Amino acid sequence: MTTPLRVRFAPSPTGPLHIGGARTALYNYLHARSKGGAFVLRIDDTDRERSTAESLAHILEGLRWLGLDWDEGPEKDGPHGPYFQSLRLEGYRDRVDRLLESGKAYRCFCSPEEVQEGRLRMQERVGASMYDRRCRRLEDREIRCRMEEGRPYVVRFAMPESGTIVLKDAIKGEVEIRLDQIDDWVMLRRDGSPLYNLCSALDDADMEITDVIRGEEHLLNTVKQVFLLEALGLPVPRFAHLPLILGKDGKKLSKRMAQTDLLSYRDAGYPAEALVNFFARLGWAPDAETEVFGLEEAIDRFDLKDVGRSGSMLDEEKLEWLVGVWLRRMEPGEILDRAVPWIEKAGLASSSEIAARRAWFEAIVGCYRERVRSLAEVPEKIGFFLAAEIRYDDKAWKNLTKHAEAAEWMEAWLNRLGAVWDSAEALEARSREIAEELGIGFGRLVHPLRAALTGTSAGAGLFDIVFLLGPEETRKRVEAAVHALREGVRP
RNA sequence: GUCCCUAUCGUCUAGCCAGGCCCAGGACGCCAGGUUUUCAUCCUGGUAACGGGGGUUCAAAUCCCCCUGGGGACGCCA
């Protein structure tokens, strides 16, 4: 029997969950779910200075929004907790002591200045900017002496000084790395607090993580962690390093080039499904043609070995297209539910008003389903339905004033419509007849009417709008337009 | 500077591991046309790539080498 697969996503709560992190989380999730493994969420908050509760909340919210539910982690717990590194400090010290005893780690008394000095020297000699290891060869006596003096020290891991290691990576294949380039990295700060590479590797082992999937920028950290685990006789997980997401300029994603904060996409009215679809598709494809798919399908078809090996740029236009696709796939009621916060924020209607006229609201949202580019756009598209008074935009006013007879035509339309308010189709059929009766093209009637009713020159089918506005409101708006035309004043 | 990764249309990618089915497929974008009362949707068509050079082979996008381009890492951050 093989050990059950376990992956983890281990963000540090030092800022909002960004796109890169979200994609890493997604790939971890897909890998776990597709292979029947567990998805663990661990918070790497060893940097006490920069970690904040706000960031943590933001990260959890982002993951939940995407639908990436974790099996173990904050607000969930599990057999391997606690899931915050700040709560796991004791475990790290013991292991460091063991390494110190066996000589696989050593105390370094160098001041930051001395370290820096050594770095410059190594840069020249070896070409790599790293600690020159001067404390590695300190006599035991000297060490004791300095400790008695109370001189502060950090604990460094003693890496091999030469040779190579071959890392097996699920995405990149075998990667050979020269060890003479790798620093004797610091495990414990001066104040005794543990650092990332120590905690991360130890927690992975303690939490029985079998597969570590993280960004490519961690490749060298992986080397350090493998040596640490081996020195301690701990199991070494499998690794997969994801290529980075690049900005439009082809460089590492920066705040300047794009929205990097995941939740800013939610706040812009993008459905989570679109983001999941987009991220999954960035660096991976289920086959040669499938572009639109949800989390379930991705889980069915995902395999780490199919993940691309090169970085990919964030194509915002494709994301926007995906947003439209997902919006169009939704039932009007679904869009309405999700758009309620925006409708309320715009002051168009309260959620109770929406609930009271549910069917009507669903219908008007339905009219604009093919026309909104995000949930945030819903209020501006449907706003005219609820407006007390219509203001005409430039094009609308132009359509109203294009033909001097427009006012007459609209009045005639109003008076001749008759009892056809059962459906948009009936309204349209009768309107076509009226245009014929008036001896004018349909467009001459339709364009001014649209302007009068909506204040714009484009939008949903005119008779769907008329139908949903109802006879009274329609009459009111047409009369207002006729009045404005006669007065020659544009409201 | 050193090390590591990487290389198919402008972008995301399929194909590469197991060479011929690829004068390279899909999608976004863009352009043109159609549908429609308008806009959007939708439909049809077009645009555009194997970074360069050497090999290996009857045959290379696919295998090998070199070059070039791009990215990343070099913290008492994660």
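Below, chains carry the letters A, B, ... as their sequence lines are ordered, and counting in each starts from 1. As the structure is a prediction and not an experimental result, all values here were calculated from the model.
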OP1 or OP2 of [N] sitting under 4.0 Å from any side-chain N/O of [X]?
{"X": "A/R309", "N": "B/rC16", "value": "no"}
{"X": "A/S129", "N": "B/rA73", "value": "no"}
{"X": "A/S312", "N": "B/rU13", "value": "yes"}
{"X": "A/S193", "N": "B/rC76", "value": "no"}

Classify the side chain of [X] versus the base of [N] as yes if they form a donor-acceptor pair under 3.5 Å and no if they do not.
{"X": "A/E291", "N": "B/rG26", "answer": "yes"}
{"X": "A/N197", "N": "B/rA78", "answer": "no"}
{"X": "A/R178", "N": "B/rC3", "answer": "no"}

Distance between P atoms of B/rU62 and B/rC21 (Å, rounded): 13 Å
Rounding to the closest angstrom, what is the interatomic distance between B/rU11 and B/rC17 at atom P? 25 Å
Got a list of side-chain donor-acceptor pairs under 3.5 Å for residues 19-30 of chain A, not counting sequence neighbours?
{"residue": "A/R23", "atom": "NH1", "partner": "A/L282", "partner atom": "O", "Å": "2.9"}
{"residue": "A/R23", "atom": "NH2", "partner": "A/P243", "partner atom": "O", "Å": "2.4"}
{"residue": "A/T24", "atom": "OG1", "partner": "A/G20", "partner atom": "O", "Å": "3.0"}
{"residue": "A/Y27", "atom": "OH", "partner": "A/F279", "partner atom": "O", "Å": "3.3"}
{"residue": "A/Y27", "atom": "OH", "partner": "A/A280", "partner atom": "O", "Å": "3.0"}
{"residue": "A/Y27", "atom": "OH", "partner": "A/L282", "partner atom": "O", "Å": "2.9"}
{"residue": "A/N28", "atom": "ND2", "partner": "A/T24", "partner atom": "O", "Å": "2.9"}
{"residue": "A/N28", "atom": "ND2", "partner": "A/I213", "partner atom": "O", "Å": "3.0"}
{"residue": "A/Y29", "atom": "OH", "partner": "A/D69", "partner atom": "OD1", "Å": "3.0"}

Can you tell me the Watson-Crick or wobble partner of B/rG33, both distances under 3.5 angstrom? B/rC43
Across all strands shown, which nucleotide pairs with B/rC23 by Watson-Crick or G-U wobble geometry, both distances under 3.5 Å?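 With both distances under 3.5 Å required, B/rC23 matches none.
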Does any N or O in the side chain of A/D211 come within less than 3.5 Å of the main-chain N or O of A/V7, such that one atom is a donor and the other an acceptor?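 No; zero donor-acceptor contacts below 3.5 Å.
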